[in-house]
Amino acid sequence: KLGMTCKKDVSFGDWYSEVIVHGEMIEYYTVSGCYILMPSAVGVWELLKGFFDGEMRRLKAQPYYFPLFVTESALQKEKDHIDGFAPEVAWVTKSGDSDLEAPIAIRPTSETIMYPYFSKWIRSYRDLPFRCYQWCNVVRWEFSDPTPFIRSREFLWQEGHSAFATREEADEEVLQVLELYRRIYEEFLAVPVIKGRKSEMEKFAGGLYTTSVEAFVPNTGRGIQAATSHCLGQNFADMFGIKFEDDRGSRSNVWQNSWGYSTRSIGVMVMTHGDDKGLVMPPRVAPLQVIVIPVLYYKDADMMAALKEACESAVHTLSQSWIRAEFDDRENHNPGWKYSHWEMKGVPLRIEIGPRDLANKLVRMVRRDNGVKVDVPVANLVEEVRVLLDGIQENLFRAAKERRDACIRVIHTWDEFIAALNDKRLILAPWCDEEEVEKDVKARTKGEGELGAAKTLCTPFDQPELPDGTLCFASGKPAKTWSFWGRSY
Ligand SMILES: O=C1CCCN[C@@H]1CCCn1cnc2ccccc2c1=O
C-alpha cells in the first residue's frame, strides 16, 4: 500500500477517509453508512471497555445484555421521546419471504426494551439503587452525511440505565458518570472536552435534563457531542410503572438516569491527533505501543540473526512489563518501508536496532508524536519506554488542548458571533437562555455554507464571571449564562 497523499490542513474530509483506511482502522462496506471495524479500531474500543468496566464495578453497576429487537407497541410506549426520532428507526418486516405479523424495530437505544423489566424487578427500596449497563450495537437509519465512527447507521456503544429512590442520588450519579466520560476522553484518548448542560432544546426530550462532554475539531471548526449523561426524572417511571415501596410502605416513582458513549470517540481521537503521516495513537489506547525493527542495509545472515535475537529479547522484556510490543521481522520489506507503515498505523514508539546499536548495547527510540530520536542503553529499556510513553500521552493531550483553546472565541455581539462562526471558532457567548432565541440563531445562521446552522453545544459548568448588565449577544435581553455555541457534527 502506498503512503498517505492527503494533507490534514488542506482537505480534511479526504484526509480523514485516507488516514483511517491507511491506518487499517476501517474498511468501507457495501451497505451505506456501515463500516468494517478492523483490529486497530477494535483494539482501542477494547482498551476503553477495560477501563470503563473497572469503573462500573466501583459504581456497583451490573452488566446485562438485552435483546436487539423491540415491538412496535413497546417502542411507541413513550410517545414524545420517540416522535422526533421515528424516521431513524430501522424495522424488520419479513422473515424469509413471508411477512412478519407485526414489524419489529431494531434498537436505536434501549429504554423501551429495558424499562418494562425494571418495572418488574424494582419493587422495594431494597432493590435500589439499581444500576445496569450494556455494551452493544445500535441502529439509527440517519440520512445526513455518514462519516466513519462519527456518524454511522450502526455503531457500538455502552449504555447505562439506573434507578434511585431520590432525586439527589440521581443528580449525583449523573455527574459521577460524566466524570468517567471526561476521563475516557482526557486521560485515555488525550482529547480535551468541556463538561456542561444541554439546553432545553438540545436535551434528550424524554428526560429532565442532559449533561454532556463536548469536544471540538479545529480543522472543521465543528463541535461534537462526545458523551451524554441524562437525568430522566420520573418521566419514564410514570410511563412504565417503575415504582418502589419505601420503608414506611408508601409507593413512589423511581428517579432514573441514562448515559452513553460510543465508537464515535475513536473518530474524535483520530481527528484530534492524526497527521499527514497517518494515525497517531495515544499510548494508553494504542493496541500496539512499541514496534521493534531490525536495521541492516547489507546482506549478512549472521548479523541479521544477531539483530533478530536482540529484537525478540527486547519485545520479550517489554511484554513481561505489560507493554504492548511487537517485532516486525518481515524480510520482504526494508526498514524505511516499515517505518512509514507503522507511522501510518500510529504506533507511538519505534525501536530500531542496528549493528552499531548491538555493539554498543544501545537501542534507538523514535517518538511518533514529535519524531524525536534518542539512544537508550538496553539495560534501561523498560524504564525508558515507560517514560517516553507517558511523555507522548501527556504531550498529545497538552498539544490538543492548546489547539482547542486557541479556537475558543469570547464574543458579546451578533457581528462578533458571525465573524467567529465564519472563522471556524468555538464560541463562548452571553445568552438570555431563551429557547426562542436559540431557534432564531439557528434560523439566522442556516444559510452559512454547507456546514449547517450554529447551535448551543452546552452551558459549561465552569462559568466565567457574568457582570450585571451583560446583554445576550443574539436578543439584547439581559444575559443569564455563558454558553458555548458553534456548528456541530
Ligand atoms: O443518549 C442516551 C444514552 C444512552 C441511553 N439512551 C439515551 C437517550 C437516547 C436518545 N435517543 C436517540 N436517538 C434515537 C433514535 C431513534 C429512537 C429513539 C432515540 C432516542 O431515544
Side-chain angles (χ1 to χ4, degrees), residues 33 52 56 59 61 63-92 103-118 130-144 146 150-163 170 173-178 180-181 184 196-214 224-233 235-237 239-240 242 256-265 457-458 488-489:
F52 197 82
M56 285 296 106
L59 195 68
Y64 285 74
Y65 182 77
F66 284 78
L68 171 71
F69 303 110
V70 55
T71 62
E72 186 167 16
S73 58
L75 189 71
Q76 297 303 338
K77 182 94 183 202
E78 215 283 324
K79 205 70 185 100
D80 70 355
H81 127 241
I82 282 289
D83 266 359
F85 295 119
E88 295 174 13
V89 179
W91 295 91
V92 178
I104 290 177
I106 296 174
R107 67 179 165 225
T109 181
S110 300
E111 283 80 359
T112 58
I113 293 167
M114 294 175 164
Y115 296 176
Y117 297 90
F118 288 14
F130 175 84
R131 291 185 171 98
C132 105
Y133 73 102
Q134 70 177 4
W135 293 95
C136 66
N137 63 333
V138 287
V139 172
R140 295 176 186 177
W141 215 260
E142 303 204 36
F143 289 90
S144 44
I150 301 297
R151 190 183 298 105
S152 52
R153 286 177 159 166
E154 175 188 15
F155 57 87
L156 307 180
W157 75 350
Q158 158 284 314
E159 56 177 312
H161 298 263
S162 51
E173 191 208 57
V174 168
L175 297 180
Q176 284 175 309
V177 173
L178 196 67
L180 275 187
Y181 292 149
I184 288 265
R197 182 168 170 151
K198 284 290 189 186
S199 69
E200 283 308 293
M201 186 163 93
E202 295 299 334
K203 78 174 187 183
F204 170 30
L208 188 59
Y209 64 84
T210 291
T211 68
S212 65
V213 283
E214 301 289 333
I224 184 160
Q225 181 177 293
T228 48
S229 182
H230 314 281
C231 176
L232 306 181
N235 307 353
F236 283 88
M239 225 92 38
F240 290 89
I242 312 172
Q256 288 176 272
N257 292 338
S258 80
W259 20 275
Y261 90 99
S262 74
T263 38
R264 162 178 281 196
S265 55
L457 302 169
C458 76
S488 79
Y489 282 91

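Note that ligands are numbered from 1 as they come in the structure, with each ligand's atoms numbered from 1 the same way.
- Looking at atom 2 (C) of ligand 1, its nearest protein heavy atom turns out to be His230 NE2, 3.2 Å.
- In this structure, the protein non-hydrogen atom closest to atom 13 (N) of ligand 1 is Arg140 CZ, 3.2 Å.
- Contact atoms of ligand 1 toward Glu88: 15 (C) (distance under 4.0 Å to a heavy atom of the residue).
- Between Phe118 and Tyr115, the angle of the ring planes lies from 30° to 60°, which puts this pair in the tilted group.
- By the 30° and 60° cut-offs, the orientation of the rings of Phe52 relative to Tyr261 is tilted.
- Considering each of Thr109, Leu232, Ile82, Asn257, the one bringing a non-hydrogen atom nearest atom 9 (C) of ligand 1 is Thr109.
- For ligand 1 and Pro108, the ligand atoms under 4.0 Å from any heavy atom of the residue are 15 (C), 16 (C), 17 (C), 18 (C).
- For Gln134 (side chain) and Phe66 (main-chain N/O), a donor-acceptor pair under 3.5 Å exists by modelled atom type.
- Proximity of a side-chain donor or acceptor of Arg153 to a complementary backbone N or O of Ala90 within less than 3.5 Å is not detected.
- Relative to the ring axis of Phe204, Lys198 does not place its NZ or CZ within 45° and under 6.0 Å from the centre.
- Nearest protein neighbour of atom 21 (O) of ligand 1, counting heavy atoms only, is His81 NE2, 2.8 Å.
- The side-chain contact (heavy atoms from CB on, under 4.5 Å) test with Ser229 singles out one residue from Asn257, Thr211, Leu175, and that residue is Thr211.
- Close contacts between ligand 1 and Glu111 involve ligand atoms 5 (C), 6 (N), 7 (C), 8 (C) [criterion: under 4.0 Å to a heavy atom].
- For atom 16 (C) of ligand 1, the closest non-hydrogen atom on the protein side is Phe85 CB, 3.1 Å.
- Residue Trp157 touches ligand 1 through its side chain alone, judged by heavy-atom distances below 4.0 Å.
- One N or O on the side chain of Arg140 and one on the backbone of Pro108 form a donor-acceptor pair closer than 3.5 Å.
- Below 4.0 Å from some heavy atom of His161 lie the following atoms of ligand 1, by number and element: 5 (C).
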